[in-house]
Protein chains: 2
Amino acid sequence: MSAEQSQRMMSMCESARVHVDELLVVLAKSKMLNILYILNCDTKPLRFSEIKRRVNSSSTTVTRRLGELEKHDLVTRTVFPTVPTTVEYSLTKAGIALQPSLESLFDWVLDFADESQN
Amino acid sequence: MSAEQSQRMMSMCESARVHVDELLVVLAKSKMLNILYILNCDTKPLRFSEIKRRVNSSSTTVTRRLGELEKHDLVTRTVFPTVPTTVEYSLTKAGIALQPSLESLFDWVLDFADESQN
DNA sequence: CCGCATCCCTACGGATACTG
DNA sequence: CAGTATCCGTAGGGATGCGG
């Protein structure tokens, strides 16, 4: 662990972690990691229905999560003036910066899921 | 992204993600990432009260989270026959394997928190 | 197709009080 | 100290139905 990181950890472990905690709460919401994950799977933008299908959740929840992600500038929402409407979601720069973390995390989850087939 | 990972991602994105989903649900519970995080901060085991103090949560919740972590073999619970009782928690092998992912994730969270001081 | 409003209903977190 | 048991309030997810 780097010195810089340790230092930031110290300050974070102990106090003034408001922003960090808030972000963790957001990331911890139901289906949130799933959505970020599938947006990572494909490099190209995904449609609403496609996301909904893949995370296997209600449209209400998917809408909520995508709204929160957009609010926190993690995804971009693009509306196409087709009939009926087409909407595509893609990761922002900040969202893309999450990729290594998520890859690493899901690698672990997959490995762990492999091992613990109890 | 490696070919192997892509392949596992494909199968995971589409179907049979029961275990993975379950793990995600566990990881997404309140204070869960926080607890894993502080267990990562120190290399040495932590006492219950110390964990509780750092995550700033009720003993009920801390107990629940630690129980779930233990159930999923991510932490080890060690009881010392002192009076009053002393209990220490430490990461298991699987828990330690999570370290890189968490470090990466929290790095991102910290960076992101730095940027978005709105 | 996308997605919001509404209602319902459960699961989850916190407070409190109590044990070994 | 390290929990457990209980109660309770609420946040949050799902179903349904509608609108752009």
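So that the names make sense, note that chain A is the first sequence line, chain B the second, and so on, each numbered from 1.
- Side-chain atoms of A:R65 come within 3.5 Å of backbone atoms of A:S30 as a donor-acceptor pair (strictly under, hydrogens ignored).
- Computed from coordinates, the B:R77 CZ to D:dA2 C1' distance equals 8 Å when rounded to whole Å.
- Pairing each heavy atom of B:L27 with each of A:L105, the nearest pair is CD1-CD1, 4.3 Å.
- The residue among B:R47 and A:T61 whose nearest nucleotide of DNA chain D is located toward the 5' end is B:R47.
- Residues B:N56 and B:K31 come closest through the heavy atom pair O-NZ, 3.9 Å.
- With rounding to whole Å, A:K29 atom NZ is found 8 Å from D:dG12 atom C1'.
- Per the geometry, CD belonging to A:E68 stands 8 Å off P belonging to D:dG12, to the nearest Å.
- Between the side chain of A:T86 and the backbone N or O of A:F80 there is no donor-acceptor pair closer than 3.5 Å.
- If you take CZ of A:R53 and P of C:dC1, they are 13 Å apart, rounded to a whole angstrom.
- A salt bridge does not link A:R64 with A:E68: none of the charged nitrogens is closer than 4.0 Å to a carboxylate oxygen.
- Using a 4.0 Å cut-off, some side-chain N or O of A:S49 falls inside it from OP1 or OP2 of C:dC2.
- The CG atom of B:L66 sits 10 Å away from the P atom of D:dT4 (whole-angstrom rounding).
- Among the heavy atoms of the strands lying under 4.0 Å from B:S57 are primed sugar atoms or P, OP1, OP2 only; no base atom is included.
- Summarising the geometry, the separation between CG on A:L46 and C1' on C:dC2 is reported as 15 Å, rounded to the nearest angstrom.
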Would you tabulate the pairs of protein nitrogen or oxygen atoms and nucleotide nitrogen or oxygen atoms of nucleotides 15-19 of chain D closer than 3.5 angstrom?
unit_1 : atom_1 : unit_2 : atom_2 : d
D:dA15 : N6     : A:T60  : OG1    : 3.0

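- B:V83 and B:V79 fall into different hydrophobic clusters, where Ile, Leu, Val, Met, Phe, Trp and Tyr are joined by side-chain heavy atoms under 4.5 Å apart, directly or via other members.
- Between the B:W108 side chain and the A:Q99 main chain, no donor and acceptor come within less than 3.5 Å of each other.
- Both B:F106 and B:I96 are part of a single hydrophobic cluster, where members link through side-chain heavy atoms under 4.5 Å apart.
- Paired regions of DNA chain C, where each region holds three or more successive Watson-Crick or G-U pairs whose two hydrogen-bonding distances fall under 3.5 Å, are C:3-20 with D:1-18.
- At C:dG13, none of the side-chain N or O atoms of B:K31 fall inside 4.0 Å of OP1 or OP2 (strictly under the cut-off).
- Following rounding to the nearest Å, B:D21 (CG) and D:dG13 (C1') show an atom-to-atom distance of 15 Å.
- A donor-acceptor pair under 3.5 Å links the side-chain atoms of B:K52 to the main chain of B:S57, judged by distance alone.
- B:Y89 comes within 4.0 angstrom of sugar-phosphate atoms only, judged by non-hydrogen atoms across all strands, and of no base.
- If you check every strand for non-hydrogen atoms under 4.0 Å, B:T63 touches a base.
- What separates CE of A:M32 from P of D:dG12 is a distance of 11 Å, to the nearest Å.
- Between B:D73 and B:T92 the shortest heavy-atom distance is O-OG1, 2.7 Å.
- Contact annotation: B:R65 side-chain N/O to C:dC12 OP1/OP2 distance is not under 4.0 Å.
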